[in-house]
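Written out below as structure tokens is the structure these notes cover.
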2 protein chains.
Amino acid sequence: MNAPAQPEACFSIAAVERDTGLAKDTLRVWERRYGFPTPARDANGERVYPPDQVDKLRLIRRLLDHGRRPAGVVGASVDELARMLDDCVCPPGAAPATREDGLLQLVRLHRSAELNAALRQALMKQGLQRFVADTVAPLAAAVGEAWVRGEVEVPEEHLFTEQVQNVLRSAIGAHATPGGQPRVLLTTFPEEEHVLGLLMAEAMLVPEGASCVSLGTRTPLADIRSAAVGGGFDVVGLSFSIAYPARQAIDDLLELRAMLPPEVAIWAGGAAVRDKQKRLPGIRVVGGLDDTLAALAEWRAARA
Amino acid sequence: MNAPAQPEACFSIAAVERDTGLAKDTLRVWERRYGFPTPARDANGERVYPPDQVDKLRLIRRLLDHGRRPAGVVGASVDELARMLDDCVCPPGAAPATREDGLLQLVRLHRSAELNAALRQALMKQGLQRFVADTVAPLAAAVGEAWVRGEVEVPEEHLFTEQVQNVLRSAIGAHATPGGQPRVLLTTFPEEEHVLGLLMAEAMLVPEGASCVSLGTRTPLADIRSAAVGGGFDVVGLSFSIAYPARQAIDDLLELRAMLPPEVAIWAGGAAVRDKQKRLPGIRVVGGLDDTLAALAEWRAARA
DNA sequence: GAATCATTTTTGTCCTGGACAAACAAGATT
DNA sequence: AATCTTGTTTGTCCAGGACAAAAATGATTC
């Protein structure tokens, strides 16, 4: 009946930038170089992107985050893109998910209450640290993959993040240990807006008696410095998601290292810095959640 | 000793855009029209902004958020800007803060544990709803004003947000009422990243037996629609901070109204939509936190 | 075969200066 | 007091050129 569905559902270049994370300049230069996207023009000569091209741009964005290069993906058909996404996602994991499958089914809008109950139950059963390492982290990875494959909608991923946040923040609050050592400042760089990595790290550290202060995401470099120095912290912990450009992570970390006094340790964790230890002198690369505990033990041993 | 302090502390135009929220195009056009800012150029001819100009741009940004126009503020001296900020901030409140003064002192990096304890204590004493309306909301406003006046640092404001989040999310989780009516979907538009307004609304609604699902911030319009329809919600609640342009809030809300079936109510709250009820037919403008309860009562009365 | 280095290609970001519509202020009219 | 001009301010968009950082490729050495 409603043939054009949403007749007004067209996107300005600013709207596309918001929705896809691709800069306006990038969108224009792709059009010039690769012949895609091909927006229409309005009466004023300004670009008007149809929804299907925006969807395709979102796919492309995800492929770039997984290491593909524009020449290979901009201009491919939607089918080809979908095939590439399968290639990106399946081979590394081999086992395509097992235990988390059950929970993954609950990442649906209409099942939010069930997901919440299941998460709290798992937390009770496993304790905070195992819950984070064995349930939350694999589930978050599974949701990310499912989103890449289009099996999970944007609002469902949002909802998942919110619910995990609720559970983790409650649990962390219940473990409060004032005066513990070391004093850890947790945050992310301004371009990184994913908060779950931070919360998971905090959840690993707090039960060990460390006293964590989280600034949340997107803290400017200069402010991280002033907070770390002014607050008398022993460790600054940074979290990087898969989408953070590895090169920039390294540059930013080295710049922060130069700004901070040497007695303040820097711990960096997340997909973008994995296996980059040799390029990051003076920084402790945390390879995974359990490695957080190793880093903590090392710090305490060095202080003993 | 260290004469230039941070010799490398200079900003590219992209860094300034991140830190101030002013678009690159805007920064360039201000330079052309008003003669400010006046960045140096690097060897490559690209703009390099000194830190003091970035600080001034941040002041200007805050004044614009308070309704000033660029012609009057871009190009004024820092002293004049500071005076304008006092004018903006003081007159409306008259009483420049009273009860919250004590808590405001705790919004310091080194007093985070005290702030956390004080918040939890106030929550216990007042109950969730009074805590939100009488303590959190005024305190958040006071922190915002103190930030405008430069009395609170960026990391301290971040920390404040984090701590309030921790307390509110714990408390909301403890009130879980599955199956309650109405079913409320809470989120913000993609340009709005402040989360406290959402949490405060949720904290008002949950004790009344409403069942709230929060998607967090920055949900694209189309996804709000699909979530509301697919999840069978009765109400969609949107939150707008003072920084959200009023005009865009109205346009976006009307667009969402047109996308949603009429039986789904829209509630909009926050500084950007206050007093805009007459321009928002079909939308319930929530004037303040206590008005949330009135909106809820209206909805239930209409369904009775 | 793997690691290091030099060269070429790819790719994102920045530049200038012009254009224009939406937002706003102010005055005129009902 | 509300609504409708008219003029000014202001943010965003455009084109198309330029360039450096990143990645791929190939050459050389251990």
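Here the structure is a predicted model, which means the values were calculated and not measured. Every chain is numbered from 1 and lettered A, B, ... according to where its sequence line falls, protein lines coming before strand lines.
Overall, the helix from dG1(C)-dC30(D) to dT30(C)-dA1(D) carries an axis bend of 40° between its ends, with five pairs at each end and the value rounded to 10°.
For Phe189(B), the ring pair (Phe, Tyr, Trp, His ring centres under 6.0 Å) partners two or more places apart in sequence, or in a different chain, are Phe240(B). Residues satisfying the salt bridge (Lys or Arg N to Asp or Glu O under 4.0 Å) test with Asp65(A), not counting sequence neighbours, are Arg61(A). With sequence neighbours left out, the salt bridge (Lys or Arg N to Asp or Glu O under 4.0 Å) criterion links Glu80(B) to no other residue. Evaluation of the salt bridge (Lys or Arg N to Asp or Glu O under 4.0 Å) rule for Arg33(A) yields no partner, not counting sequence neighbours. Ala14(A) is linked by a side chain to side chain contact (heavy atoms under 4.5 Å, CB included) to Ser12(A), Lys24(A), counting only residues two or more places apart in sequence or in another chain. With sequence neighbours excluded, the residues that form a salt bridge (Lys or Arg N to Asp or Glu O under 4.0 Å) with Asp19(B) are Arg58(B). Listed by chain and residue number, Asn44(B), Glu46(B), Val48(B) satisfy the side chain to side chain contact (heavy atoms under 4.5 Å, CB included) test with Asp42(B) (two or more places apart in sequence, or in another chain).
Residue Arg61(B) contributes atom CZ, which lies 16 Å from atom P of dT10(D) at whole-angstrom precision. Rounded to a whole Å, the CZ atom of Arg41(A) is 15 Å from the P atom of dC20(C).
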Heteroatom pairs (N/O) under 3.5 angstrom, protein to nucleotides 7-14 of chain C:
| unit_1 | atom_1 | unit_2 | atom_2 | d |
| --- | --- | --- | --- | --- |
| dT11(C) | OP1 | Pro70(A) | N | 3.2 |
| dT11(C) | OP1 | Ala71(A) | N | 2.7 |
| dT11(C) | OP2 | Tyr34(A) | OH | 2.9 |
| dT11(C) | OP2 | Ala71(A) | N | 3.4 |
| dT11(C) | O5' | Tyr34(A) | OH | 3.4 |
| dG12(C) | OP2 | Trp30(A) | NE1 | 2.7 |
| dG12(C) | N7 | Arg33(A) | NH1 | 3.1 |
| dG12(C) | O6 | Arg33(A) | NH2 | 2.7 |
| dT13(C) | OP2 | Thr26(A) | OG1 | 3.0 |

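In this structure, Asn44(B) does not reach the dC19(D) phosphate: none of its side-chain N or O atoms is under 4.0 Å from OP1 or OP2.
Side chain to side chain, Glu192(A) and Ser241(A) meet the donor-acceptor criterion of an N or O pair below 3.5 Å.
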